[in-house]
Amino acid sequence: MPLFEQDDLHLIHAYLDGELDVMAALAVERKIAADPDLRKLADEIAALKKVLAEKFPLEPLPHSVRARIEAAVAPQTTPRMPSWAKIAASLLVVAALSSTLTGITLRRTAPQEIVVAELFDAHLRSLMAAQPTDVASSDQHTVKPWFNGRITQSPRVVDLAAQGFELIGGRVDVVGRTPLSTLVYRRREHVISLTEVSGRDQLELPFDRRAENGFNMIKWSNHERSYVAISDLNVNELEAFATAFRGAS
């Protein structure tokens, strides 16, 4: 059996236990996918966790033991506040802080940055889902009509398989409370999310290209439509995708 770095083992366990944030989880996924030995190890650990969970399910602590632990950790001489009251008080504090911090964040963050963050979040959520599409199809004549009734205007859908970009489906992303069409393409193991905004809602983002956390974003406009492509493809290949899409009839 090959030797593994201790950090790799810790990361795999944390990944399988759902303890990593989105970016860290994606990084571990890519590392596992690129290394057959790591992938085999992850499968073995996942299988072992499943067996242990089935054979040794978690049991609640006896009331007497729980009471002794609570008394030892937080001894009190005054009557305790009921649990439900503590929860309610905590929720009120959290809600107040959340409202205040959200207001501060929105005041300090330009609307364009909020849009960029929501587009990135939508792409990342799709990568973490079982599949990155709501409708899965390589047929443009299946994908395009699927959007009817879901958004105000069906997107422009083109087949770029000949250029090396396979259409795998589409989904609806909500950006700034507006449902938008997102086409999903694949190049090798890389997923491309292409979001279209039409008419008066066109995106006024102050850039054409942008890199963030290992992902590239390209934005362009065509007549009355704006497009934003996001992927972990290198910027040259994502540029090639944008060029192919713009040039398709």
Side-chain angles (χ1 to χ4, degrees), residues 22-23 26 102 105-106 109-161 165-187 190-233 235 237-249:
V22 172
M23 296 305 301
L26 287 173
T102 299
T105 300
L106 290 178
T109 305
Q112 296 92 339
E113 290 302 315
I114 296 175
V115 170
V116 170
E118 290 183 346
L119 288 170
F120 268 115
D121 286 347
H123 180 69
L124 293 177
R125 282 195 301 271
S126 75
L127 296 180
M128 296 300 293
Q131 62 180 25
T133 61
D134 293 332
V135 55
S137 177
S138 60
D139 184 359
Q140 64 195 92
H141 301 295
T142 298
V143 175
K144 184 177 178 66
W146 179 86
F147 286 98
N148 291 336
R150 292 179 169 87
I151 59 173
T152 56
Q153 182 176 335
S154 293
R156 176 173 177 252
V157 185
V158 297
D159 182 358
L160 300 177
F165 302 99
E166 176 192 6
L167 175 68
I168 61 174
R171 67 175 185 270
V172 173
D173 288 329
V174 179
V175 177
R177 299 184 180 180
T178 301
L180 303 176
S181 63
T182 296
L183 303 179
V184 185
Y185 291 82
R186 174 176 287 134
R187 184 172 178 87
H190 303 277
V191 172
I192 304 170
S193 293
L194 179 65
T195 301
E196 177 187 300
V197 187
S198 59
R200 61 182 178 82
D201 296 319
Q202 284 196 73
L203 296 176
E204 296 181 0
L205 301 180
F207 64 87
D208 294 325
R209 300 169 190 80
R210 178 168 177 159
E212 186 167 323
N213 294 325
F215 292 85
N216 288 304
M217 171 186 280
I218 294 178
K219 175 252 179 181
W220 72 91
S221 297
N222 183 4
H223 301 299
E224 294 185 354
R225 304 184 188 219
S226 295
Y227 296 91
V228 177
I230 304 175
S231 179
D232 61 349
L233 271 174
V235 67
E237 288 186 285
L238 194 57
E239 280 280 10
F241 167 79
T243 300
F245 190 92
R246 289 196 297 263
S249 58

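Just so you know, residue 1 is the first one in the sequence shown, and it goes up from there.
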Next item on the list: Find out whether F241 and L194 are in side-chain contact, i.e. whether some heavy atom of one side chain is under 4.5 Å from a heavy atom of the other.
Entry: yes
Margin query: Is any side-chain heavy atom of H123 closer than 4.5 Å to one of M217?
Written below: no
Checklist line | Passing option when I168 is tested against L183, I192, V184 for side-chain contact (heavy atoms from CB on, under 4.5 Å) | finding: V184
Note to self: Donor-acceptor pair, distance only, cut-off 3.5 Å: does the side chain of D232 make one with the backbone of H190?
What the structure shows: no
Notebook entry, point to check: Side chain of D159, backbone of Q140: donor and acceptor closer than 3.5 Å?
Noted result: no
Margin query: Quick one, R246 and Y227 - any side-chain contact, counting heavy atoms below 4.5 Å?
Written below: no
Note to self: Would you compute the distance between atom CZ of R210 and atom NZ of K219 and round it to the nearest 0.5 angstrom?
What the structure shows: 13.0 Å
Side-chain donor-acceptor distances from residues 141-149 under 3.5 Å, at least two apart:
unit_1: T142; atom_1: OG1; unit_2: D139; atom_2: OD2; d: 3.4
unit_1: K144; atom_1: NZ; unit_2: P155; atom_2: O; d: 2.7
unit_1: N148; atom_1: OD1; unit_2: S154; atom_2: OG; d: 2.5
unit_1: N148; atom_1: ND2; unit_2: P145; atom_2: O; d: 3.4

Checklist line | Non-hydrogen atoms of N216 and L233 that approach each other most closely | finding: ND2-O, 2.8 Å
Notebook entry, point to check: For L180 and I151, which heavy atoms make the closest approach, and how far apart are they?
Noted result: C-CG2, 4.1 Å
Next item on the list: Would you check if Y185 and L160 make a side-chain contact, meaning some heavy-atom pair closer than 4.5 Å?
Entry: yes
Check: Do other residues, nucleotides or ligands put more than 12 heavy atoms under 6.0 Å from the CZ atom of R187?
Finding: yes
Note to self: On a heavy-atom basis, which atom in V135 and which in T133 lie closest, and how many Å separate them?
What the structure shows: O-CB, 3.4 Å
Margin query: Both conditions, 6.0 Å and 45 degrees, for the charged tip of R156 above the ring of F245: are they met here?
Written below: yes
